[in-house]
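These notes concern the structure reproduced below.
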Protein chains: 2
Amino acid sequence: MNATPATSARRAASVAPPVRAARERILDTAFGLFYAHGIRGVGIDRIIAESGVAKATFYKYFPAKDDLVLAYLDKVDAVWSEQLHAAASAAGPDPAAQLVGMFDALDSACRREGYRGCAFINAAAENEAGTPIHTRTLRHKNQVRAWVRQLAVDANAADPDALARSLTLLLDGGLASGSVDAGADAPVVAKAAAQALVSAAVA
Amino acid sequence: MNATPATSARRAASVAPPVRAARERILDTAFGLFYAHGIRGVGIDRIIAESGVAKATFYKYFPAKDDLVLAYLDKVDAVWSEQLHAAASAAGPDPAAQLVGMFDALDSACRREGYRGCAFINAAAENEAGTPIHTRTLRHKNQVRAWVRQLAVDANAADPDALARSLTLLLDGGLASGSVDAGADAPVVAKAAAQALVSAAVA
DNA sequence: GCCGAGGTAGACAGATCTGTCTATTAGTGT
DNA sequence: ACACTAATAGACAGATCTGTCTACCTCGGC
């Protein structure tokens with residue numbers, strides 16, 4: 001936006017497909033393809049073709065397919081956590097209300113075109129325990145549950161661990177059956193059940 | 001058990017690896033391997049090697065890999081449904097108690113060595129919507145929910161559909177997170193949550 | 001003694017997938 | 001003008017996977 005001797009990266013960025021666009025294009029393409037077709041269902045060649053990148057460039061940024069998968073899962077983690085937090089916040093300042101409100105994120109997800117369940121659960125189904133991908137999934141699930149648990153603590157739940165567990169069970173159930181069923185009532189029922197469980201636990 | 005001129009099949013069956021043993025051996029081997037490593041993670045060659053069968057024999061009984069996968073899912077369906085029904089029955093004649101009791105099947109499943117979640121959810125994760133395998137999964141989930149719904153009707157639940165949905169959500173959540181987490185408290189918490197939901201719905 | 005059914009063993013074709021490597025092109029700072 | 005960096009295009013090796021096909025073997029029934 002100015003004429004100072006900006007770095008080359010800056011200059012290029014303001015003009016055309018610039019320096020770091022390649023990595024991002026790969027990741028964006030992988031995000032869509034992995035989610036839609038499963039990790040094993042998408043080959044490197046297809047990602048390369050659809051992201052318009054050369055093979056050497058791909059392997060420069062992601063030395064192995066698993067590295068891309070891990071980056072994909074990091075991205076899913078960021079996106080989904082953000083949606084969960086946003087839905088909770090939208091329910092107002094009361095932590096008990098937030099515990100219920102987070103189910104709105106499930107509802108939005110299930111309505112989304114091409115919804116195919118939880119990317120982490122799907123990834124875990126394709127990769128055995130102990131692999132980096134499976135471990136990454138475990139970490140994600142633990143993070144979400146820890147966040148829910150804190151909300152439960154803030155809401156003065158009698159047993160925050162149990163409440164967090166039951167709510168994440170409901171959430172995972174909604175996500176998992178969404179990959180199969182996608183019944184429109186699932187998220188609504190899940191939210192109602194969550195409401196009941198929260199009310200009982202906080203009373 | 002007698003000396004009448006029995007059919008050759010009968011005779012053979014009482015002696016050694018007889019006629020239809022080959023098909024069964026293949027299916028049993030596939031059952032273990034598919035569940036443990038995922039469908040895509042197990043090749044035909046491995047199934048052949050571990051079931052001690054010739055390739056031609058394999059393709060005689062299962063013209064394509066998908067045929068074997070479908071047979072595998074049928075078997076899983078039979079086994080899991082049986083466990084669910086047994087757990088429910090064990091809770092006594094009261095349908096409301098049975099709705100809670102079925103969660104004991106989840107508990108047993110999670111404790112089992114090598115537990116890796118719901119075979120159907122895992123299968124669906126590896127196969128896109130519209131494929132026979134995905135469709136088979138959908139059918140299974142619908143069947144289970146229909147059975148639970150009937151139990152809810154028998155229990156005079158105010159809204160049997162909603163109760164059935166919320167309970168299967170909890171169940172699927174337990175199954176799905178079991179493929180990742182396997183936290184020992186999950187089944188216990190799921191059962192407690194189910195108890196709360198059933199009590200509220202039947203009151 | 002012989003035949004036929006069902007099984008075994010394994011080579012083979014063809015597709016697909018991951019990852020490597022070479023040769024070339026375009027833009028940037030000096 | 002020149003060197004450097006980043007990217008492109010695509011051939012290639014090596015592994016793996018599905019499914020076909022040939023050749024042989026074994027055993028019960030007639």
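Below, read A as the first sequence line, B as the second, and so on, with proteins coming before strands; counting in each chain starts at 1.
- The ring-ring contact (aromatic ring centres under 6.0 Å, His included) search around Tyr72(A) returns Phe31(A), Phe34(A), not counting sequence neighbours.
- Atom OH of Tyr61(A) is separated from atom P of dA6(D) by 7 Å (rounded to the nearest Å).
- Sorted by first then second residue, the salt bridge (charged side-chain N to carboxylate O under 4.0 Å, His left out) pairs that include residues 116-133 of chain A, not counting sequence neighbours, number zero.
- Not one side-chain nitrogen or oxygen of Arg23(B) sits closer than 4.0 Å to the OP1 or OP2 atom of dG6(C).
- Applying the salt bridge (charged side-chain N to carboxylate O under 4.0 Å, His left out) test to residues at least two apart or on different chains, the pairs with a partner in residues 65-77 of chain B are Asp28(B)-Lys75(B), Asp74(B)-Arg136(B), Asp77(B)-Arg136(B).
- The side chain of Thr57(B) places no N or O atom within less than 4.0 Å of a non-bridging phosphate oxygen (OP1 or OP2) of dG7(C).
- Evaluation of the ring pair (Phe, Tyr, Trp, His ring centres under 6.0 Å) test over residues 117-136 of chain A, restricted to residues two or more places apart or in two chains, returns Phe120(A)-His140(A).
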Each nucleotide of nucleotides 14-26 of chain D classed B (base within 4.0 Å of a protein heavy atom), S (only sugar-phosphate) or -, in 5' to 3' order, makes ----BBB------
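- Val153(A) meets the side-chain contact (heavy atoms from CB on, under 4.5 Å) test with Arg149(A), Gln150(A), Pro160(A); sequence neighbours excluded.
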